[in-house]
Structures are given as structure tokens and as C-alpha cells.
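Here the structure is a predicted model, which is why all the values come from computation and not from measurement. Just so we're on the same page: letters track the sequence lines, and every chain starts at 1.
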There are 2 protein chains.
Amino acid sequence: MPMTPARTGRHDREHIVGIALDLLDRYGLPDLTMRRLATELEVQPSALYWHFDSKQDLLAAVSDRILARIPAAEPGADLLVAAHAVRDALLSYRDGAEVVLSSAALRPGRSRAEDALRAALPTALPDAGLAATAVLQFILGHTTLVQQRMHGESHGAADSAVDPADGEDAAVFAAGIALLSRGAGLTPMLR
Amino acid sequence: MPMTPARTGRHDREHIVGIALDLLDRYGLPDLTMRRLATELEVQPSALYWHFDSKQDLLAAVSDRILARIPAAEPGADLLVAAHAVRDALLSYRDGAEVVLSSAALRPGRSRAEDALRAALPTALPDAGLAATAVLQFILGHTTLVQQRMHGESHGAADSAVDPADGEDAAVFAAGIALLSRGAGLTPMLR
DNA sequence: ACCTGAACACCGTTCAAGT
DNA sequence: ACCTGAACACCGTTCAAGT
């Protein structure tokens with residue numbers, strides 16, 4: 001009994017997406033091209049179009065795999081914990097947030113990310129669905145900016161200006177989630 | 001006395017950015033290329049590189065012009081009003097949010113958008129600076145997703161699925177700002 | 001100071017044809 | 001079913017040279 005299912009071709013969608021994620025993490029979104037991906041797979045660029053309709057289609061599949069890293073929704077979980085889980089999934093691949101932000105728009109229904117966040121909101125909240133969407137949009141905006149600064153810094157000149165990126169970004173994220181939590185009726189008062 | 005200042009060349013940065021904004025609004029960010037911009041200016045592509053170091057440099061200038069549409073910070077203003085002003089500036093050009101999101105990362109200091117939002121937060125708030133940044137990140141994430149869906153819908157198949165985009169997006173935006181407002185101690189209770 | 005001309009090293013996508 | 005080969009219509013950027 002073979003360990004892998006029978007395939008006539010050399011690659012399937014699942015495998016290609018895995019290699020694409022590898023390239024994304026190593027070289028970043030601007031260098032994740034269909035041609036480089038084809039080279040990595042030792043295949044002609046046109047071969048990719050048998051598996052995917054377009055680069056958009058490929059990126060949507062990549063986006064799904066990034067979001068699949070989010071743990072399942074846990075009712076009654078802390079919102080800060082749930083928000084961190086979503087952010088960490090985006091941070092787990094270079095330019096992950098931008099990939100999701102660029103391809104999430106076309107998706108119709110609710111995403112796994114929204115489910116995890118909604119489960120951490122109080123059931124008494126009038127519009128928990130809208131609130132979960134808003135929280136996700138904050139996380140996507142925040143993480144996209146953070147990852148872009150990472151990218152910019154890596155090949156930029158050493159800047160003498162004050163820029164403690166790590167602490168500052170974490171503080172902004174915590175502040176945003178704190179505001180949203182209190183607005184939702186959670187952790188009502190810090191002082 | 002001439003109406004325009006003396007220039008030896010045909011174009012300056014200001015003028016080029018104006019034409020770039022025009023192309024952006026008409027064709028969208030993916031079709032705002034250096035070559036198309038050059039064609040529009042009746043110039044060779046290489047001529048643009050006398051005025052701008054790179055396409056990134058050009059897009060940063062475009063981003064600044066979009067953000068310049070935000071009215072000056074008004075202390076004590078309503079947060080919802082200030083947030084709408086920022087969102088409207090982003091919406092005033094096609095793909096405006098994505099342009100700002102993609103080029104804002106490299107900017108070091110405070111932006112005009114953050115100033116306007118901070119002025120609408122209570123002075124008593126402990127970390128008003130962090131809060132203003134978080135609100136801006138929500139607006140950028142939200143508006144980027146909205147504008148992407150606009151783009152996708154325009155040349156997509158007519159979908160029979162429920163998608164009242166207008167009302168839904170506005171509701172999510174209002175819900176997000178409502179949460180952030182209440183979290184900041186404004187409009188403490190709706191019910 | 002401002003721009004041309006020409007080149008370099010790439011892109012995404014299509015499509016007939018092979019196996 | 002899955003991939004090759006070849007082409008089409010593009011990209012951003014550099015750089016010597018012109019005016």
C-alpha cells in the first residue's frame with residue numbers, strides 16, 4: 001500500500017501551494033511569480049495553468065492555507081487570545097497579511113478567522129458578526145503594515161531615528177484590541 | 001507676470017503625481033505602470049526616473065496627495081466624523097486605501113490621518129497616540145477590503161448570492177468605530 | 001536640467017501540440 | 001490527464017548620449 005495516493009501527474013494543487021508558501025516565506029510576495037514557482041517545480045510556467053485558473057486563483061489557495069493555521073473557534077475564549085491567534089497565523093509567513101488582504105475580498109461567506117473572533121465576543125453583543133468582521137479588518141490592516149515595515153527595514157539603510165519596532169507594534173496591537181474589547185463590553189475598566 | 005512658475009522641463013513632480021492620480025482613478029493600481037504614465041505624459045519611461053527614484057517613490061508621493069484630502073485635525077471632533085473623513089479620503093480615488101497601505105509603512109513620523117483621529121479622542125485617554133494608530137489601521141484594513149471587492153465585482157459574473165455590499169460595508173465600518181469609541185470612553189452606552 | 005534611445009532582465013497568460 | 005514549446009503583450013530600471 002503506497003503512502004501517497006495514486007497520481008499520474010507530478011504535481012497537484014496541494015503540493016504546488018506548499019511550494020508557493022515556501023517561496024513566499026523565503027523571498028516575499030513581490031518575488032512569488034508564476035515563473036519562479038514553475039522553475040522551483042521543474043516545470044514550464046504554462047503547466048501551472050492546468051492546475052490554477054490564474055495567479056489570483058493560486059494566491060487565494062495560498063491565503064486559505066495561511067488561514068488554516070488559525071486554531072478552531074473556541075466559544076468563550078479571550079478576545080486578546082483569539083486576536084493573537086489570527087495575527088500569529090498571518091505572521092507565520094512573510095507577507096502573509098498582504099496575501100490574505102489581497103485575496104480575501106472575493107470570498108463570499110464567513111472565514112475561519114471571523115469564526116474564531118466571533119466566538120470570543122460576548123453572545124449578548126447585538127451585532128457580533130459585524131464586530132468580528134471589524135476586529136479582523138483591524139488585525140489585517142495592522143499586520144500588513146507591520147510586515148511591510150519588516151520588509152522595508154531589511155534592505156534599508158541603518159536608521160539612527162528612534163524606531164523600536166517590536167515594542168511599538170505590540171503596544172499598538174494591544175491598544176487596538178483593548179479598545180475593541182472594552183467597546184464590546186469585555187474587560188470593562190482598566191483603571 | 002506668468003501664472004505658472006518658470007520651468008525649463010515639461011514636467012515636475014507635482015504635475016506627474018496629478019496625472020498618476022488620474023490614471024489610478026481611471027484604471028486602478030494594477031494598471032498604473034511607469035510605462036503607461038510615461039505614455040500619458042508623452043515622454044519616454046526613463047524620463048520618469050529623473051523625477052522619481054523608483055515606482056515606490058512615485059507611489060509614496062501619490063499616497064501623500066491622497067492623505068492631503070483629509071481635513072485638518074479638529075480637537076474635540078466626533079470620532080465617527082473624523083474616521084469618516086479619513087475613509088472618504090481613501091475612497092476618493094480607486095484603490096486609494098491599497099496605495100496608502102502599501103507606501104505608508106516606510107514613513108517614520110506621525111501622519112496627517114493619525115493627527116485627525118487623535119484630535120477626536122479624549123485627552124484623558126492614557127495612550128491616545130497608540131489608539132489613534134490602531135483606529136487608522138482599522139480604517140486602512142476595512143477600506144482596502146471594500147475597494148478590492150468593488151474592483152472584483154465590476155468585472156465579475158453577476159452573482160445571485162446575497163451581497164448587499166453597500167449597506168453591509170457601512171454597517172461593519174460603523175460597528176468598528178462604535179466599538180473603538182466606546183472602548184475609548186466615548187458614547188459609553190447605546191442601550 | 002531634463003529627456004531620448006536602447007537595452008537588460010524580467011512578467012502573466014494563451015494555445016496548439018505532445019505523451 | 002498533465003505537460004511542453006513557443007509566442008504575445010507587457011513590466012521596472014539603468015545608462016550613455018543628446019539638447
Side-chain angles (χ1 to χ4, degrees), chain A residues 2 4-20 23-24 26-63 95 98-99 102-103 106 148 151-152 155-157, chain B residues 2 4-20 23-24 26-63 95 98-99 102-103 106 148 151-152 155-157:
Chain A
T4 54
R7 284 190 288 105
T8 57
R10 288 182 280 157
H11 307 296
D12 56 4
R13 284 176 64 104
E14 221 186 315
H15 175 236
I16 295 174
V17 169
I19 305 296
L23 284 181
L24 175 68
R26 280 193 287 166
Y27 307 118
L29 183 55
D31 288 331
L32 174 54
T33 69
M34 297 298 268
R35 295 180 108 102
R36 279 166 90 102
L37 179 55
T39 300
E40 195 78 5
L41 292 163
E42 294 181 291
V43 113
Q44 294 299 313
S46 51
L48 296 173
Y49 290 85
W50 194 90
H51 298 280
F52 298 92
D53 285 345
S54 62
K55 187 177 182 181
Q56 263 243 96
D57 188 25
L58 182 266
L59 287 179
V62 169
S63 174
D95 293 339
E98 193 177 346
V99 170
S102 300
S103 60
L106 304 172
Q148 228 143 257
H151 171 253
H155 57 62
Chain B
T4 55
R7 284 191 288 103
T8 57
R10 287 182 280 158
H11 307 296
D12 56 5
R13 283 176 65 105
E14 221 186 314
H15 176 236
I16 295 174
V17 169
I19 305 297
L23 285 180
L24 176 68
R26 280 194 286 167
Y27 306 118
L29 183 56
D31 288 332
L32 174 53
T33 68
M34 297 299 267
R35 296 180 108 102
R36 280 166 89 101
L37 179 55
T39 300
E40 195 78 5
L41 292 163
E42 294 182 288
V43 112
Q44 295 299 314
S46 52
L48 296 173
Y49 290 85
W50 195 91
H51 298 280
F52 298 92
D53 285 345
S54 63
K55 188 178 183 182
Q56 262 243 96
D57 188 26
L58 185 263
L59 287 179
V62 168
S63 176
D95 293 338
E98 194 177 345
V99 170
S102 300
S103 62
L106 305 173
Q148 229 143 257
H151 172 252
H155 58 63

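Rounded to whole Å, atom P of D/dG12 lies 10 Å from atom CG of B/Leu48. Remark: P of C/dT14 and CZ of A/Arg35 are 13 Å apart, rounded to the nearest angstrom. For the pair B/Leu58 CG and D/dC11 P, the interatomic distance rounds to 14 Å; values are reported in whole Å. Atom NE2 of A/His11 and atom P of D/dC3 are 6 Å apart (whole Å). A/Lys55 places its NZ atom 12 Å from the C1' atom of D/dC11, with the value rounded to the nearest Å. Following rounding to the nearest Å, B/Tyr27 (OH) and D/dC10 (P) show an atom-to-atom distance of 13 Å. Rounded to a whole Å, the CG atom of A/Leu29 is 13 Å from the P atom of C/dC11. Distance B/Gln56 CD to D/dT13 P: 9 Å, rounded to the nearest Å.
Here B/Arg10 contributes atom CZ and B/Leu41 contributes atom CG; the two are 9.0 Å apart, rounded to the nearest 0.5 Å. With rounding to the nearest 0.5 angstrom, the CG atom of B/Asp57 is 10.5 Å from the OH atom of B/Tyr49. Here B/His11 contributes atom NE2 and B/Arg13 contributes atom CZ; the two are 15.0 Å apart, rounded to the nearest 0.5 Å. The CD atom of B/Glu40 sits 10.5 Å away from the OG1 atom of B/Thr33 when rounded to the nearest 0.5 Å.
Across every strand in view, C/dC10 sits unpaired, with no contact that passes the Watson-Crick or G-U test at under 3.5 angstrom. Searching all strands for a Watson-Crick or G-U wobble partner of D/dC15 with both distances below 3.5 Å returns C/dG5.
If you check distances only, the side chain of A/Ser46 does reach the base of D/dG5 with a donor-acceptor pair under 3.5 Å.
In terms of position along DNA chain D, the nucleotide closest to A/Val43 lies nearer the 5' end than the nucleotide closest to the other residue of the pair B/Thr33 and A/Val43. Judged by closest nucleotide on DNA chain C, B/His51 is the one of B/His51 and A/Asp53 placed further toward the 5' end.
A distance-only check finds a donor-acceptor pair linking the side chain of A/Thr39 to the backbone of A/Arg35 [under 3.5 Å].
The separation of D/dA17 from C/dC2, taken at their C1' atoms, amounts to 13 Å, rounded to a whole angstrom.
Considering only the side chain of B/Gln44, C/dT4 comes nearest among C/dT4, D/dT4, D/dG12.
Proximity of A/Arg10 to the phosphate of C/dT19: no side-chain N or O atom is located under 4.0 Å from OP1 or OP2. For the OP1/OP2 pair of C/dG12 and a distance below 4.0 Å, the side-chain nitrogens and oxygens of A/Arg36 include no atom meeting the criterion.
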